[in-house]
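Before any comments, here is the structure.
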There are 2 protein chains.
Amino acid sequence: MILNFIFNIGDAMPFEEERKIFEDYLKSKRLKQSSQRDHILDVFLKTERHLKADELYRLVKKNFPETGFSTIYRTLKLLRECGLCNELILDDGTVRFEHLYGHEHHDHLICTKCGKFVEIMEPQIEKLQLKLAKKEGFVLQNHRLLLYGKCGKCKKK
Amino acid sequence: MILNFIFNIGDAMPFEEERKIFEDYLKSKRLKQSSQRDHILDVFLKTERHLKADELYRLVKKNFPETGFSTIYRTLKLLRECGLCNELILDDGTVRFEHLYGHEHHDHLICTKCGKFVEIMEPQIEKLQLKLAKKEGFVLQNHRLLLYGKCGKCKKK
DNA sequence: TTACCTGCAAAGAATTTGCAGGGCC
DNA sequence: GGCCCTGCAAATTCTTTGCAGGTAA
């Protein structure tokens, strides 16, 4: 593992499981590991914010300036395929990426002023969605619920 | 009204209210009416499907071949500003436009196979959303709920 | 050695903008 | 007449693809 050197021997390796998932996925598809892919995964995992592709690109470039935009997109695609990453399309059309592994299904509450994201979950809503879909004769496959408002701090201003 | 000639005298003019809203909006902004704008509004209103910009463009071109793409986009912007039109961004990133005037707030149930749109409404879900937002200290401004699944016909295949 | 991978630049797709000529009020 | 509108082409923005050289296995 190329990133070993960053951590002291004996430290728990952060995101060990996620890295294993990626590694296994690459192997299963006869794809190869590379320092770029490892580094992009690393930056992606340790950034809690929901990043846009160009934000991820800039962050990755900080420590790995020779990385290209296409590699960012290509790697994000792989991360989605192996279930580590989810693509989120907001109402204004911007696309952001979020961690998926270890995160249960959730919806989003987003501050229209400061951009704060809160992950939310309400089983009742999920149930009602199923009921609605059934009433219309649909088999529900997935859904996207975005709530927009002002967060505690921003509503006071 | 430029489109008068299409209808016999004495016929109820379709979409009279919507046209009035557009006219009033243009006046209020000191903007001008034009045959292109009227025609685009007309095609938009009489098409029940949720159109993409290029679909609207093609429909408008049928009877008004000299219309340009930019006029479509510019007019759609005006229609959104005056509340006649709503922009809907789907999960695959495509953008579609729907009628807004006379349509109560609703969410959407979309068939992932044939693209069928069903407008849905569940007051319970709306209530739960408010509750959720409040719990997180947010003031809710709006929301978007898209349900994806297979419709009655498509699920059988 | 044989794929696969990478960065770059070019190509795409969707939308917006600048401009010169034409039309509404 | 003055401002607004239009179509066109060019510019933008975001993302994908082709290619020639480099690299993992």
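Everything quoted here is computed from the prediction, not taken from an experiment. Order of the sequence lines fixes the chain letters, A, B, ..., with proteins taken first and strands second; residue numbering starts at 1 for each chain.
Each of Y101(B) and M121(B) belongs to its own hydrophobic cluster when Ile, Leu, Val, Met, Phe, Trp and Tyr are linked at side-chain heavy-atom distances under 4.5 angstrom.
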Item checked: Check against salt bridge (charged side-chain N to carboxylate O under 4.0 Å, His left out), D42(B) and R19(B) -> CA-CA 9 Å; D42(B) 193 52; R19(B) 291 211 175 91; 2.4 Å; yes

Next item on the list: Take H105(B) and E126(B), measure what side chain to side chain donor-acceptor pair (under 3.5 Å) needs, and give me the verdict at the end.
Entry: CA-CA 10 Å; H105(B) 162 75; E126(B) 312 277 321; 3.2 Å; yes

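Ring planes of F117(B) and H108(B): perpendicular class, angle over 60° (limits at 30 and 60°). A parallel orientation is assigned to the rings of Y73(B) and F69(B), their planes being inclined by less than 30° (bins at 30° and 60°).
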N/O donor-acceptor pairs under 3.5 Å from side chains in residues 81-91 of chain B, not counting sequence neighbours:
| unit_1 | atom_1 | unit_2 | atom_2 | d |
| --- | --- | --- | --- | --- |
| E81(B) | OE1 | Y25(B) | OH | 2.6 |
| N86(B) | OD1 | R144(B) | NH2 | 3.4 |
| E87(B) | OE2 | R80(B) | NH1 | 3.4 |
| D91(B) | OD1 | R144(A) | NH1 | 2.5 |

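Here the side chain of R37(B) is nearest to one of dT6(C), dT6(D), dT15(C), namely dT6(D).
Residues of residues 78-92 of chain A that place a heavy atom closer than 4.0 Å to DNA chain D do not occur.
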Notebook entry, point to check: Which nucleotides of nucleotides 19-25 of chain D have their base under 4.0 Å from a protein heavy atom (B), which only their sugar-phosphate (S), and which neither (-), written as one string 5' to 3'?
Noted result: -----BS

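For dT16(D), the OP1/OP2 oxygens have no side-chain nitrogen or oxygen of Y73(A) closer than 4.0 Å.
Side-chain atoms of H39(B) never come within 3.5 Å of backbone atoms of K61(B) as a donor-acceptor pair (strictly under, hydrogens ignored).
When every heavy atom of L45(A) is checked against every heavy atom of H99(A), the shortest pair comes out as O-CE1, 3.0 Å.
Between I72(B) and R30(B), the residue anchored nearer the 5' end of DNA chain D, judged by the nucleotide with its closest heavy atom, is R30(B).
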